[in-house]
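Because the structure is a prediction, the values reported are computed rather than measured. Here, residue 1 is the first one in the sequence, and each next residue gets the next number. Start at 1 and go down the list; that is how both ligands and their atoms are numbered.
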Amino acid sequence: MSVFTPLSQNELSAFLKPFDLGRLVAFEGISAGTENSNFFVSCEQGEFVLTLVERGPVDELPFFVSLLDCLHGADLPVPFAVPDQLGRKLHQLNGKPALLQPRLPGKHIQQPDERHCQALGKVLAQMHAATLSSDLVRQSDRGLAWMETQTSNMLGDMSESERALIEPLLPLMHGLLAERPPMPKAVLHGDLFRDNVLFEGPNLTGLIDFYNAATGWALYDLAICANDWCLDDNARLDPERAQALLAGYASQRRFLTVEATHWPDMLRLAALRFWLSRRIAAADHQEKPGVLIKDPAHFLRVLEGHREVAVQLPMAL
Ligand SMILES: Nc1ncnc2c1ncn2[C@@H]1O[C@H](COP(=O)(O)OP(=O)(O)OP(=O)(O)O)[C@@H](O)[C@H]1O
Ligand SMILES: N[C@@H](CCO)C(=O)O
């Protein structure tokens with residue numbers, strides 16, 4: 001189970017006192033996450049999720065709190081930091097930054113269909129639009145420059161087949177860093193995999209886990225989604241689901257020609273980003289029993305599939 005910082009009932013009860021949510025009824029560690037320690041917390045006055053932040057720049061937590069307030073204010077289905085009676089949203093528990101958020105309804109979808117993908121594309125565009133009317137900006141700690149450095153550092157450790165797929169992405173990254181193509185930017189979720197979205201039937205009821213959110217090309221966020229929501233059993237893009245995702249997004253904003261040009265490369269970079277982070281996490285957590293390790297090799301198959309990209313962005317006529 002991926003709970004890095006265990007909690008006792010007494011510790012949690014004491015933590016909850018300033019929130020005035022009634023008695024602690026029950027709590028349990030959530031096994032699904034890989035980065036933070038999360039707990040479902042049941043109080044007399046409602047259901048919550050407590051997150052103890054385990055990685056990342058702690059001094060940037062106010063950014064995430066403001067981002068969620070912005071998205072919640074735009075009526076998007078996101079959690080937000082519940083304030084205690086003194087209005088404080090950011091707390092400390094067992095030496096870790098701690099946030100209490102409402103538990104959102106719905107379940108994760110393992111096998112999405114076109115309706116799910118269309119709904120996801122639409123809400124992603126709405127999320128990007130909401131951040132544009134704010135002054136929220138954050139530089140990603142896993143952006144293009146990080147990817148380029150990590151890729152260069154790992155070249156020597158790669159197998160021949162890994163190298164064949166990954167080395168050609170280095171000039172692509174150099175080119176994008178130099179050229180900075182003028183694609184629309186927004187604050188991106190940055191990790192909108194199936195395990196970060198909740199649905200009730202066809203209705204999208206929750207977007208969660210914003211700790212990778214950062215300013216970047218909006219299209220890159222869509223590529224991250226496509227690489228998780230729109231794959232077939234061979235890790236190739238499923239055209240119907242990919243087109244539904246893109247159509248959902250295009251229902252809120254027209255794509256630009258410069259985005260159509262860079263779409264295949266965004267898909268490749270998004271695959272590389274998670275191959276790198278999974279490989280680093282696997283090495284870091286190798287000796288730690290109970291920590292969920294996700295398979296880096298999956299993204300090599302995704303990259304293989306993106307040698308040719310047949311699904312194009314839908315362009316307005
Ligand atoms: N506000 C919420 N409402 C309902 N369920 C939630 C909420 N927050 C988290 N969860 C549940 O807890 C699980 C783990 O949370 P989360 O994805 O934030 O963890 P993480 O360690 O940051 O994970 P990741 O590996 O995706 O980075 C989610 O998959 C979801 O099932
Ligand atoms: N969604 C990520 C883990 C959390 O960043 C992955 O599947 O590798």
Can you name the nearest heavy-atom pair linking Leu68 to Phe210, along with the distance? CD2-CD1, 3.4 Å
Could you tell me which atoms of ligand 1, counted from 1 in the order shown, lie closer than 4.0 angstrom to a heavy atom of Arg103? 3 (N), 4 (C)
Does ligand 1 have an atom that lies less than 4.0 angstrom from a heavy atom of His108? yes
Validate the cation-pi geometry between Arg278 and Phe299: distance from NZ or CZ to the six-membered ring centre under 6.0 Å, angle to the ring axis within 45°. no
Using the benzene-type ring in the case of Trp, are the ring centres of Phe193 and Phe274 under 6.0 Å apart? yes
Based purely on interatomic distance, does Pro102 place a nitrogen or oxygen under 3.5 Å from a nitrogen or oxygen of ligand 1? yes
Approximate separation, where rounding is to 0.5 Å, of Thr131 OG1 and His128 NE2: 6.5 Å
Parallel, tilted or perpendicular: which describes the rings of His91 and Phe19, with under 30° parallel and over 60° perpendicular? tilted
What distance do Thr151 atom OG1 and Trp275 atom CH2 have between them, rounded to the nearest 0.5 Å? 7.0 Å
Could you tell me whether Thr51 approaches ligand 1 through its side chain, its backbone, both or neither, with non-hydrogen atoms closer than 4.0 Å? neither
For ligand 2, output the ligand-protein N/O contacts shorter than 3.5 angstrom; if there are none, return none.
from: ligand 2; atom 1: 1 (N); to: Asp191; atom 2: OD1; distance (Å): 2.7
from: ligand 2; atom 1: 5 (O); to: Asp191; atom 2: OD2; distance (Å): 3.0
from: ligand 2; atom 1: 7 (O); to: Arg278; atom 2: NE; distance (Å): 3.4
from: ligand 2; atom 1: 7 (O); to: Arg278; atom 2: NH2; distance (Å): 2.7
from: ligand 2; atom 1: 8 (O); to: Arg278; atom 2: NE; distance (Å): 2.7

Considering non-hydrogen atoms only, spot the tightest contact between Asp69 and Phe80 and give its length. OD1-CB, 4.1 Å
Select one of side chain, backbone, both or neither to describe which atoms of Val49 lie under 4.0 Å from any atom of ligand 1, heavy atoms only. side chain
With rounding to the nearest 0.5 Å, note down the distance linking CZ in Arg236 to SG in Cys230. 15.5 Å
Ring centres of Tyr249 and Phe255 under 6.0 Å apart? yes
Ranking Asn38, Leu99, Val53, Leu50 by closest non-hydrogen atom to atom 16 (P) of ligand 1, top hit is Asn38
Residue Ile30 vicinity, atoms of ligand 1 by number, heavy atom under 4.0 Å: 11 (C), 12 (O), 13 (C)
Between ligand 1 and Leu104, is the shortest N or O to N or O distance under 3.5 Å? yes
So, Asp295 versus His298: side-chain donor-acceptor pair below 3.5 Å or not? no
Taking the minimum heavy-atom distance to atom 27 (O) of ligand 1, which of Asn212, Asp209, Leu52, Leu192 ranks first? Asp209
Non-hydrogen atom of Phe40 closer than 4.0 Å to ligand 1: yes
Say whether Ser37 and ligand 1 are in contact under the criterion: heavy-atom distance to a ligand atom below 4.0 Å. no
Trace of the ring pair (Phe, Tyr, Trp, His ring centres under 6.0 Å) decision for Phe27 with Phe40: CA-CA 5 Å; Phe27 76 104; Phe40 288 130; over 10 Å; no
Using distance alone, with no hydrogens and no angle criterion, decide if Thr5 and Lys96 have a side-chain donor and acceptor under 3.5 Å apart. yes
For Asn196 and ligand 1, does the shortest N/O to N/O distance drop below 3.5 Å? yes
